[in-house]
Amino acid sequence: MSRRLRLLALTLAGGCVLPASASGQDSAAVRLDELVVTATGRPEPRSEIAGTVQVIDRTMIENSTAKSVTDLLAENAVGFFSEWTPGQTSINIRGGATDGQGKDFRSQVLVLMNGRRAGTANLSKLSIADVERIEIVRGPSSVIYGSQNIGGVINIILKTGRTAPGTLVEGIGGVWGLAQGRAQTGGVVGPFDYYLGLSGAKRDDYVAGSGDRMANTQWNRMGITGALGFQIDPNQRLDFSLRTDGIYGVGFRGSGGNLYSRDDRINGSFDASYTGRTDDGRASLFAQFYSVADEDRFKWASPVQRGGTGLPVPGTRADFNTRDLDILGTRFQPRFSLFAGNDLLLGWDWETSRLRSDRFRAGVPGNPLAQVSPQDNNQTDQFHALYVEDTQRLFDDRVTLRAGIRQTYGTTSFDPTPFLAGQITGSRPYEATTYSVGATYRATDWAAFRIGASSGFRAPTATEIAADFNTLGGGRIFGNANIRPETSEQIEIGTTLTNGVSRLDVALFQNIISDRIITRSRGPNSNTSDYVNNPGDVVIRGIEVQSETDMLRTLSWEPGVWHWRAYANGNYNFDMKDEGAVSVATANTRRVERVYQYQLALGTRFGQAGIPYPWTIQVQGVLNGPVWYNTEENLLVPAAEPYREYIWRKDPFFLVNIRGEIDLMPGVRLFAQVRNLFDVNYHPLFIAIAGQQPTLADLRFYNGGGGTSAPGRDVQIGLQARF
């Protein structure tokens, strides 16, 4: 079978590929040429990708103690992740950050599902129950994927009947009222393959490492995923998937210790794709249609708020915001091999999205409030893009050269928005040119080197162009019709070394983010701001390392019934400066905010197989380095901080997770797991944490209590059966 035909056979809907090992990572050889899809939009050996790609495969997912995609990525040192609530995550990869509420079009990190836009950057609303693997491209990759791709790409690839055959049933119980279950079945019947997965979970308020109960941190989760594939003939295939996932009734405690606010956050999608090739393999076509519906239902209340003079004022007994984002899109990608070693990809993307928001506000008794506009202005965004990427392999495929360019043309329309007085609706065009160039050199069968440069952008939203709305705290933010898109430029060099039992990947990078869209206050005593482009760049320079090892073979021990694997992922940002901070009079540091200076994830997994009761123990440690942040919390001034705009340095913290499992009989597994084994009292971002005495929180502004921490020791036990 030719190499091209093997790649085609691995192609799934939206760019899915088979996992590295169907039998699990414990017995798989460590390979240099693991197939990936995110960096180039098509299956290619990882050694030929001119950028850093991190893969979290099905084995790692199934052995994880994570409850969401957020948990999974955080424990693998992918970047900065902070759960503001159990249903809301902020992300930062190589300096590119998401909006705090996970709003898709405000994100500098692009989240994909099956190779197309997921419609949200809030990973906490997505479960891992039906995820086959996750691929992370670090840095911009906008030639293939377009806007929002400034810091990186996270591609979530779902299971299908070919990648997850058979039936699985699993139930988990744990502390804080945790009850979780999932069931999935899949298989191949003639030319068809199918997959169906159901999942659900609930948990009550968690307890922090301080022993304090964090009221209003409860959640419920529910999801369903279906996939159907049809192999028309050896050269043609159709794939369909339909899914919905969401987290409901989740407490929005947030930075204000709020005990009244609740959220429902839902994401659903439909995909249809066609993959075909000619008999000689010199031409192929991938076409995809997708529809996404993303919903946020914010049922908030803030009885106490900070007024324009900095004093407490009566607030709201209801501040309900709704956001509905509907996306329709298609991509059309023909490929041609013009001559030996050549791979030419042409692409045309078209997408339209419609954002609709509404808001209802009611004051506490004695505080009548008028209705005001929602947190996001209504908008319609439409774009189409043309792109080309050419790859040429030389010298017996040891050298790979690639270059690509994309031209995006878009229009953002500011649509009529409820309760927005004096609005002037209209459309504004935008365009962006992005590029990527790179080369890889496979020096030996065990060593490959790479170098690359790429760019990214994020288009302004209608809110940023034409905003005039009241914030939760009563302030106002005005838009800027002359605002420019955000952009990024990255260069990277790296190497991958492997000897069949170990793999080491090292990357040195620089990412520069320009024209960031920020809000700037009109004065020190004013709660009125404007959207502007920050004149200073964010500059991130760092080193990233990924490694995995079969320990027994590395030590030249005969494995027998034993297996023992270890991995380490880490990064160190040795230069991270915000050159725009010099224009802010109150800035006390030029460090980039919401970026860990260093991260390290260490894990080992060992046990015995081929015995009557196979067992495995897994131990994992995660070190997250200091992070700088101008907190949104209300802290005591000057007892806690010298002034409101003070930028804090959060100290590093170290967490340990452990999991043990034993097969009671073939296909039946009992397991127990503990997250945060040593009950550390921490939070990645918040300054006033639970149990802190004296508290740093200014309790005059808190709606229920001050101090918020992440979950403490989380003990779980479960049973899994495979048929």
Sub-4.5 Å side-chain heavy-atom contact between Thr70 and Leu72: no
Where Gln184 and Ala129 come nearest, the two heavy atoms and their spacing: OE1-O, 3.9 Å
Under 3.5 Å: donor-acceptor pair, side chain of Asn681, backbone of Ala690: yes
Heavy-atom pair of closest approach, residues Met222 and Asp245: O-OD1, 3.3 Å
Side-chain (Gln88) to main-chain (Glu83) donor-acceptor, under 3.5 angstrom: no
Pair Arg565 + Glu548, salt bridge at N-O below 4.0 Å: yes
Short side-chain to backbone donor-acceptor contact, Thr98 and Ile91, under 3.5 Å: yes
Asn634 vs Arg306, side chain to side chain donor-acceptor pair (under 3.5 Å): CA-CA, chis, key distance, verdict: CA-CA 9 Å; Asn634 287 287; Arg306 177 182 287 272; 2.8 Å; yes
Exercise: do Gln148 and Arg117 side chains pair donor with acceptor under 3.5 Å: yes
Validation row: Asn624, Phe81 side chains within 4.5 angstrom (heavy atoms): no
Close side-chain approach of Thr316 and Gln305, heavy atoms under 4.5 Å: yes
Check: Asn321 side chain, Arg359 main-chain N or O, donor-acceptor pair, under 3.5 Å: no
Worked verdict on Gln597 versus Asn573 for side chain to side chain donor-acceptor pair (under 3.5 Å): CA-CA 5 Å; Gln597 186 174 19; Asn573 296 315; over 6 Å; no
Intermediate values then yes/no, salt bridge (charged side-chain N to carboxylate O under 4.0 Å, His left out), Arg605 and Glu661: CA-CA 11 Å; Arg605 181 173 169 84; Glu661 56 193 48; 2.8 Å; yes
Note: Arg458-Glu464 ion pair, threshold 4.0 Å (strictly below): yes
Reported CG-to-CD1 distance for the pair Leu110 and Ile150, which is rounded to 0.5 angstrom: 10.5 Å
Side-chain ion pair, Glu75 and Arg675, N-O less than 4.0 Å: yes
Contact summary for Val595 and Met576, nearest pair of heavy atoms: O-CE, 3.4 Å
Cation-pi check, Arg94 onto Phe509 ring (under 6.0 Å, within 45° of axis): yes
Asp698 and Leu635: CA distance, side-chain angles, deciding distance, side chain to side chain contact (heavy atoms under 4.5 Å, CB included) verdict: CA-CA 5 Å; Asp698 189 339; Leu635 303 181; 5.9 Å; no
Heavy-atom donor-acceptor pair, Gln716 side chain to Ala672 backbone, under 3.5 Å: no
Stepwise side chain to side chain contact (heavy atoms under 4.5 Å, CB included) test for Asn216 and Arg262: CA-CA 8 Å; Asn216 200 32; Arg262 305 282 193 276; 2.5 Å; yes
Leu655 and Tyr682: CA distance, side-chain angles, deciding distance, side chain to side chain contact (heavy atoms under 4.5 Å, CB included) verdict: CA-CA 9 Å; Leu655 303 176; Tyr682 78 101; 3.4 Å; yes
Trp564 vs Thr604 side-chain heavy atoms within contact, under 4.5 Å: yes
Atom pair OG (Ser199) and CD (Glu170), whose distance is rounded to the nearest 0.5 Å: 10.5 Å
Asp205 side chain vs Gln218 backbone, donor-acceptor pair below 3.5 Å: yes
Heavy-atom side-chain proximity of Trp628 to Asp578 below 4.5 angstrom: no
Ring geometry between Tyr598 and Tyr572 (parallel below 30°, tilted from 30 to 60°, perpendicular above 60°): tilted
Asp264 with Arg297: basic N within carboxylate O range, under 4.0 Å: no
Distance flag, aromatic centroids of Trp84 and Phe686, threshold under 6.0 Å: yes
Asp212 vs Ser210, side chain to side chain donor-acceptor pair (under 3.5 Å): CA-CA, chis, key distance, verdict: CA-CA 5 Å; Asp212 295 86; Ser210 62; 2.5 Å; yes
Straight-line distance of Asn703 CG to Ser302 OG, nearest 0.5 Å: 5.0 Å
Short side-chain to backbone donor-acceptor contact, Ser261 and Asn258, under 3.5 Å: no
Residue pair Arg253 / Thr708, side-chain donor-acceptor N/O under 3.5 Å: yes
Pair Glu132 + Lys159: basic N to acidic O under 4.0 Å: no
Main-chain N/O of Glu135 paired with Asn155 side-chain donor or acceptor, under 3.5 Å: no
Within-4.5 Å side-chain heavy-atom neighbours: Lys202 and Trp219: no
Cation over ring face, Arg594 and Phe80, 6.0 Å, 45°: no
Within the 6.0 Å centroid threshold, strictly below: Phe252 and Trp300: yes
Lys/Arg N to Asp/Glu carboxylate O, Asp204 vs Arg213, below 4.0 Å: no
Quiz item: cation-pi between Arg203 and Trp176, 6.0 Å / 45°: no
Heavy-atom side-chain contact between Ile134 and Leu73 under 4.5 Å: yes
Residue pair Asn267 / Val292, side-chain heavy-atom distance below 4.5 Å: yes
Lys/Arg N to Asp/Glu carboxylate O, Lys299 vs Asp319, below 4.0 Å: no
Worked verdict on Arg243 versus Asp130 for salt bridge (charged side-chain N to carboxylate O under 4.0 Å, His left out): CA-CA 10 Å; Arg243 53 165 289 279; Asp130 300 307; over 6 Å; no
CD1 on Ile157 to CD1 on Ile56, rounded to 0.5 Å: 11.5 Å
Separation between CZ of Arg265 and OG1 of Thr89, rounded to the nearest 0.5 Å: 9.0 Å
Verdict with supporting geometry, Arg591 and Glu593, salt bridge (charged side-chain N to carboxylate O under 4.0 Å, His left out): CA-CA 6 Å; Arg591 296 279 191 175; Glu593 296 186 44; over 6 Å; no
Side chain to side chain contact (heavy atoms under 4.5 Å, CB included) evaluation trace for Ile658 with Gln620: CA-CA 6 Å; Ile658 188 170; Gln620 178 190 66; over 6 Å; no
Euclidean distance, Asn657 CG relative to Ser64 OG, rounded to 0.5 Å: 8.0 Å
Test item: Asn114 side-chain N/O and Leu158 main-chain N/O as donor-acceptor pair under 3.5 Å: yes
Pair Glu486 + Arg516, salt bridge at N-O below 4.0 Å: no
N/O donor-acceptor pair under 3.5 Å between Asn76 side chain and Val78 backbone: no
